[in-house]
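Heads up, the thing below is written out as structure tokens.
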Amino acid sequence: MKPAPFVRHVPKTLDEAVKMLAELAPQDGRVLAGGQSLVPIMAFRLAKPAHLVDINEIAGLDRIDVDGNMLRIGALVRHAAFHKAVVDNPLGRLLTTVARAIAHYPIRMRGTFCGSLAHADPAAEWCLVAATLDATMVASSTRGERLIAAKEFFAGIMSTALAEDELLSEVRLPLLAADAKFGFNEFSRRAGDFAMSAALVTYRLAGGKIIDARVGLGGAEPCPRRIPEAEAALNGQAPGDKIFRAAAEAAANAIEPLEDHQTSADYRRDLVRAVVRRALEQSA
Ligand SMILES: Cc1cc2nc3c(=O)[nH]c(=O)nc-3n(C[C@H](O)[C@H](O)[C@H](O)COP(=O)(O)OP(=O)(O)OC[C@H]3O[C@@H](n4cnc5c(N)ncnc54)[C@H](O)[C@@H]3O)c2cc1C
């Protein structure tokens, strides 16, 4: 099928884009970034926006830079930008590891980091990264900039705290400590498919014991989030098989699993148990 008719608007500056959005969002206008989620759903006529504000020609939105302790990722940074480490910090390697699990190469060349967050698929890898690392989102509109913490940003399946006239202009990720360890694992039926469950873990070691543990889960519940029960099972313990299994068990018990025609709650819990344990094993 072909998309329903729409008008494409091409702002050249962020200022112009937010003015267009303020005018067009109430008339069923949407942002177009990489188009890797929006265009397929338009082609299936699951979405029929009357106006698209195409941000691809706005100079400067493709920047990635380090500001103090934060990595700043602009709205036009593609998934493929992370095929190589973008920063000399464990975060650079973490993002490279995760990027390889997103879809397929051509999709990674077009799809954007910020578009993935704005789309908020529960299983999206970048949403998991943002939730696990407590990212900050920068929402721009004609009212100015608003900072939104990851905990408040994800509001449900494909739903965020962005207002209809707000553009996600930047995401800020905290750099990791130089000695931080991380692990990532996801399960999907075929390579390139969305994950049925995914886990990201980070922590540090002090005197051989785990500190600052973060355990994030995606694809398991309507929103990606940190799992405090699993983090508590790790903090203060020496890394090892027994403690990794205990944390995985804690995560599996803590969730309210998403269910669908292929995936029962029990199966999803089992997947969570597996991906958390494997992510922890990778981290060690
Ligand atoms: C076959 C296939 C497999 C895929 N597999 C995966 C996968 O395994 N993991 C994964 O994470 N993703 C996957 N994707 C989705 C892909 O990563 C998309 O690129 C991503 O979800 C959306 O980014 P985009 O830049 O393409 O956004 P678009 O498609 O342009 O937009 C998506 C939505 O977000 C809004 N939006 C986009 N940018 C902004 C912004 N800056 N501010 C406000 N709103 C905005 C749009 O209005 C739209 O509603 C897959 C896609 C396909 C087609």
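Order of listing sets the numbers, starting from 1, for every ligand and every atom in it.
Without hydrogens or angle criteria, Q27 side chain to E23 main chain gives a donor-acceptor distance under 3.5 Å. Judged purely by atom type and a 3.5 angstrom limit, R268 uses its side chain to pair as donor or acceptor with the backbone of G219. Looking at T97, its side chain does come within 3.5 Å of a backbone N or O of R93 through a donor-acceptor pair. For R45 (side chain) and K2 (main-chain N/O), a donor-acceptor pair under 3.5 Å exists by modelled atom type.
Between atom CD of residue E145 and atom CD of residue E166 there is a gap of 10.5 Å, rounded to the nearest 0.5 Å. Between the CG atom of L61 and the SG atom of C114 there is a distance of 8.5 Å, given to the nearest 0.5 Å.
For ligand 1 and H79, the ligand atoms under 4.0 Å from any heavy atom of the residue are 16 (C), 17 (O), 18 (C), 19 (O). Of all atoms in ligand 1, listed by their number and element, those nearer than 4.0 Å to a heavy atom of G34 are 24 (P), 25 (O), 26 (O), 27 (O), 30 (O). Of all atoms in ligand 1, listed by their number and element, those nearer than 4.0 Å to a heavy atom of R30 are 47 (O), 49 (O). Within the listing of ligand 1, atoms 11 (O) sit less than 4.0 angstrom from a heavy atom of A124.
Between R143 and D165, at least one side-chain N (NZ, or NE/NH1/NH2) sits under 4.0 Å from a carboxylate O, which counts as a salt bridge. A salt bridge does not link E249 to R277: none of the charged side-chain nitrogens sits closer than 4.0 Å to a carboxylate oxygen. A salt bridge links R226 to E231: at least one charged side-chain nitrogen sits closer than 4.0 Å to a carboxylate oxygen. Salt bridge annotation for R172-D67: absent, with no cationic side-chain nitrogen under 4.0 angstrom from a carboxylate oxygen.
In terms of polar-atom proximity, P40 is not counted as a contact of ligand 1, lacking any N or O under 3.5 Å from an N or O of the ligand. In terms of polar-atom proximity, I55 is not counted as a contact of ligand 1, lacking any N or O under 3.5 Å from an N or O of the ligand. Between R110 and ligand 1, a contact under 3.5 Å exists for no N or O pair. Polar contact check, E166 against ligand 1: no nitrogen or oxygen pair lies under 3.5 Å apart. Close N/O approach between E125 and ligand 1 is found [any backbone or side-chain N/O within under 3.5 Å]. Every N/O-N/O distance between L162 and ligand 1 stays at or above 3.5 Å. Residue A33 places at least one N or O, backbone or side chain, under 3.5 Å from an N or O of ligand 1. No N or O atom of L32 sits closer than 3.5 Å to an N or O atom of ligand 1. Polar contact check, L38 against ligand 1: a nitrogen or oxygen pair lies under 3.5 Å apart.
Annotation for A130 and M137: closest pair CB-CE, 3.9 Å, computed over non-hydrogen atoms. The nearest pair of heavy atoms linking L128 to G218 is CD1-N, 3.5 Å.
The shortest contact between atom 8 (O) of ligand 1 and any protein heavy atom is with A103 N, 3.1 Å. The nearest heavy-atom contact from the protein to atom 33 (C) of ligand 1 is H119 ND1, 3.7 Å. Of all protein heavy atoms, the one lying nearest to atom 18 (C) of ligand 1 is S37 OG, 3.4 Å. Considering only non-hydrogen protein atoms, atom 51 (C) of ligand 1 sits nearest to Q36 O, 3.7 Å. Nearest to atom 25 (O) of ligand 1 among the protein's heavy atoms is T112 OG1, 2.6 Å. Nearest protein heavy-atom neighbour of atom 13 (C) of ligand 1: F194 CZ, 3.1 Å. Protein heavy atom closest to atom 42 (N) of ligand 1, with residue, atom name and distance, is L168 N, 2.8 Å. Nearest protein heavy-atom contact of atom 47 (O) of ligand 1 is V31 O, 2.6 Å.
Of the candidates A120, G115, C114, G192, the one placing a heavy atom closest to atom 23 (O) of ligand 1 is G115. When the heavy-atom distances from atom 45 (C) of ligand 1 to G29, A118, A139 are ranked, the shortest goes to A118.
Not a single heavy atom of R108 sits under 4.0 Å from any atom of ligand 1. At least one heavy atom of D193 sits less than 4.0 Å from an atom of ligand 1.
Contacts with ligand 1 closer than 4.0 Å are made by no heavy atom of V39, backbone or side chain. Only the side chain of I107 comes within contact range of ligand 1, with a heavy atom under 4.0 Å; no backbone atom does.
Residues satisfying the side chain to side chain contact (heavy atoms under 4.5 Å, CB included) test with A265, not counting sequence neighbours, are P257, E259.
Taking the six-membered ring for Trp, F82 and F113 have ring centres closer than 6.0 Å.
The stretch residues 4-45 participates, sequence neighbours left out, in these ring-ring contact (aromatic ring centres under 6.0 Å, His included) pairs: H9-H51.
Under the 30°/60° scheme for interplanar angles, the aromatic rings of F187 and Y267 are found to stand perpendicular.
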